[in-house]
There are 2 protein chains.
Amino acid sequence: MHLSATEENYLKVIYKIAEREKKSASTNTIAKYIGTAPASVTDMLKRLASKQLINYQKYRGVTLTTSGGKEATQLIRRHRLWEVFLATKLRFSWEAVHDIAEELEHIKSDELVNRLDAFLDYPKFDPHGDPIPNAQGKFTLRNQMALIDALPGNKVVLLGVREHETSFLEYLNGLNISLGTEFTVKAFNHFDKSMNILIDHNRETLLSEKVCQILLVKKI
Amino acid sequence: MHLSATEENYLKVIYKIAEREKKSASTNTIAKYIGTAPASVTDMLKRLASKQLINYQKYRGVTLTTSGGKEATQLIRRHRLWEVFLATKLRFSWEAVHDIAEELEHIKSDELVNRLDAFLDYPKFDPHGDPIPNAQGKFTLRNQMALIDALPGNKVVLLGVREHETSFLEYLNGLNISLGTEFTVKAFNHFDKSMNILIDHNRETLLSEKVCQILLVKKI
DNA sequence: CAAAAATTTTAGCCCAATCTAAAAATTAGT
DNA sequence: ACTAATTTTTAGATTGGGCTAAAATTTTTG
Ligand SMILES: [Mn+2]
Ligand SMILES: [Mn+2]
Ligand SMILES: [Mn+2]
Ligand SMILES: [Mn+2]
């Protein structure tokens, strides 16, 4: 199956919508993710359906078929491996890797991706803490929770971020927060659900509810 | 100037024809290199001319403008740097790197290519011995000659190959010939211009005129 | 130098991926 | 349960990059 970069992007978006929203992807939602007119999405859905990559019925939204899901997973694998390459080998910072990986992910060569995987030492997570599927499409699971769910007194370590916006990642950079940073929850403020957090045992700051919901941590 | 991958490929081909044939590129020659119908080439030449990337007059063949030449040189830089990455970091052999680099070369990010260059330690030559232009577009020159021009008794070292065909490179692999291999010219056979060559001081073989014209060497 | 051969361009078509505007179907509100 | 609002699809157009067949131009050759 040879897919164009555009077709691959649609599959990825449908995959992510199903993952995030836990339901079939609607035309409008896909259009917003991709940044095209809904009419263009309808066109593409027909093409993907004719290639058996999605289950499509007019007006009903779509889900990935088994083969569509495999293509999406492999695309995510390539994307995240390239992000690791850019971050660890070329020393790009985590807010810069995504855009370049968006292009690199479409290079088609199993040999390339598998050698890259080996070169990077079979990483299990990307620079944002997202899991990297292996060659068989299997994701590594791990225990993690949002910082907001930690209790006062808990010590936790940052494993990932749910939001990849450059401005958000730069905000974390400004606070010297990166994957591996340790937090101690000092207090939870009920009125606005913000938290007082001790970062790396040496500085205390206030993090908003929104931020605490984005940060994924595990207890230590 | 944002160029499509297709436009970039045309510029590269026009550049290579000018370099090899030492003259302006004709429609038919370009068509053969790219693998399209001559009518499609004419179409593209009009588009490239309207972007001031080539000098084009109907029926007269084309040359690159200064800006077209810069784009072509930067594309060659990206191609060759990726070839070095694939060969030295991912351990691809020299016959496998070209096809993958054909895709990677179109990833547009100056930051990416310059960091890649640094990561590879600013290589001056690619896995086939071709020079890599630096960020300013400057190629490294070096003294080299075709093996066919070496004289009996000469000791030389292999610096590059003029032909990148997989089957040819595999032929060299079979003879255990790679960049850096040393040759001693034992004899030149006038009747067919073949040469008797001692490879790496330990085995003698006959190389045809054609092969000797492809191998680029320098005296040691 | 004129006719034949080769090259190049034009004309008219196709496909993927996009758009806008209008029509159809679904969903929500009273 | 209608009607109104929203979502989705259809219709028709556009653009980049291709194609073939035919016309125009240049080059070669007798
Ligand atoms: Mn990403
Ligand atoms: Mn990521
Ligand atoms: Mn190459
Ligand atoms: Mn090369």
Side-chain angles (χ1 to χ4, degrees), chain A residues 1-14 17-18 20-21 23-64 68 71-72 75 102-103 105-106 108, chain B residues 1-14 17-18 20-64 68 71-72 75 102-103 105-108:
Chain A
M1 177 82 48
H2 32 313
L3 301 178
S4 69
T6 308
E7 290 172 319
E8 289 189 327
N9 285 336
Y10 273 86
L11 294 178
K12 186 172 59 168
V13 160
I14 295 166
I17 291 170
R20 255 105 110 163
E21 253 101 299
K23 63 178 177 69
S24 73
S26 73
T27 302
N28 259 9
T29 312
I30 296 170
K32 268 164 217 144
Y33 269 75
I34 308 247
T36 58
S40 310
V41 173
T42 301
D43 263 21
M44 180 56 86
L45 294 183
K46 287 181 194 164
R47 260 175 275 152
L48 293 174
S50 80
K51 292 189 177 188
Q52 325 259 75
L53 294 161
I54 59 170
N55 305 113
Y56 172 57
Q57 300 174 140
K58 278 194 192 185
Y59 296 99
R60 290 276 94 111
V62 296
T63 55
L64 294 176
E71 296 285 350
L75 182 63
E102 283 291 301
E103 297 190 58
E105 69 187 7
H106 299 293
K108 247 17 147 303
Chain B
M1 177 82 49
H2 30 309
L3 301 178
S4 70
T6 309
E7 290 172 319
E8 288 190 327
N9 285 336
Y10 272 86
L11 295 178
K12 186 171 60 168
V13 160
I14 294 166
I17 292 170
R20 255 104 110 164
E21 253 101 301
K22 311 261 179 204
K23 64 178 175 69
S24 73
S26 73
T27 300
N28 259 10
T29 311
I30 296 170
K32 268 166 217 143
Y33 268 76
I34 308 247
T36 59
S40 309
V41 173
T42 301
D43 264 20
M44 180 55 87
L45 294 184
K46 287 181 193 165
R47 260 175 274 155
L48 294 174
S50 80
K51 293 189 176 188
Q52 326 260 73
L53 293 161
I54 59 171
N55 305 113
Y56 172 58
Q57 301 175 136
K58 278 192 189 185
Y59 295 99
R60 290 277 92 113
V62 296
T63 55
L64 295 175
E71 295 287 350
L75 182 63
E102 283 292 299
E103 296 190 58
E105 69 186 8
H106 300 291
I107 309 280
K108 251 11 151 306

- Message: Using side-chain heavy atoms (C-beta onward) and a distance below 4.5 Å, is A:Ile30 in contact with A:Tyr10?
- Response: yes
- Please determine if a side-chain N or O atom of B:Arg47 lies less than 4.0 Å away from the OP1 or OP2 oxygen of D:dG17. yes
- Query: Is B:Thr27 near enough to C:dT9 that one of its side-chain N or O atoms lies under 4.0 angstrom from OP1 or OP2?
  - Reply: yes
- Message: What verdict does the salt bridge (Lys or Arg N to Asp or Glu O under 4.0 Å) test give for B:Glu71 and B:Lys51, after you've listed the backbone C-alpha separation in whole Å, the side-chain angles of each residue and the deciding distance to 0.1 Å?
- Response: CA-CA 12 Å; B:Glu71 295 287 350; B:Lys51 293 189 176 188; over 6 Å; no
- Item | Spacing between B:Lys46 atom NZ and C:dA11 atom C1', to the nearest angstrom | 10 Å
- Write down the distance between CG (A:Leu45) and P (C:dA17), rounded to a whole number of angstrom. 13 Å
- Message: In whole Å, I'd like the distance from the NZ atom of A:Lys23 to the P atom of D:dT7.
- Response: 11 Å
- Message: When you measure from the side-chain N and O atoms of A:Tyr56 to the phosphate of D:dT9, is any distance below 4.0 Å, counting only OP1 and OP2?
- Response: yes
- Message: Measuring to OP1 and OP2 of C:dT10, would you say a side-chain N or O of B:Lys58 lies under 4.0 angstrom away?
- Response: yes
- Task: Return the value, rounded to whole Å, for the distance between atom CZ of A:Arg60 and atom C1' of C:dA25.
- Result: 9 Å
- Under 4.0 Å between a side-chain N/O of A:Ser40 and OP1 or OP2 of C:dT18, yes or no? no
- Presence of B:Ser4 side-chain N/O under 4.0 Å of D:dG17 phosphate oxygens OP1/OP2: yes
- Below 4.0 angstrom from OP1 or OP2 of C:dA23, is there any side-chain N or O of A:Tyr59? no
- Message: Working to the nearest 0.5 angstrom, can you tell me the gap between B:Glu102 CD and B:Lys12 NZ?
- Response: 3.5 Å
- Query: To the nearest angstrom, how far is B:Ile30 atom CD1 from C:dT7 atom C1'?
  - Reply: 13 Å
- Between B:Met44 and B:Ala39, which has a closest nucleotide on DNA chain D that is more 5'? B:Met44
- Message: If you compare every side-chain N and O of A:Ser26 against the phosphate oxygens of D:dT7 (OP1, OP2), does one of them come in below 4.0 Å?
- Response: no
- When the distance from CG of A:Asn28 to P of D:dT8 is rounded to whole Å, what number comes out? 4 Å
- Task: Under 4.0 Å between any heavy atoms, over every strand shown, what does B:Thr42 touch: base, sugar-phosphate, or nothing? Just pick one.
- Result: base
- Item | Rounded distance in Å - CG (B:Asp43) to C1' (D:dC19) | 10 Å
- Partner of B:Ile14 under side-chain contact (heavy atoms from CB on, under 4.5 Å), chosen from B:Leu45, B:Thr63, B:Asn9: B:Leu45
- Query: Can you tell me if CD on B:Gln52 sees more than 12 non-hydrogen neighbours from other groups inside 6.0 Å?
  - Reply: no
- Query: Rounded to whole angstroms, how far apart are CD on B:Glu7 and P on D:dG16?
  - Reply: 9 Å
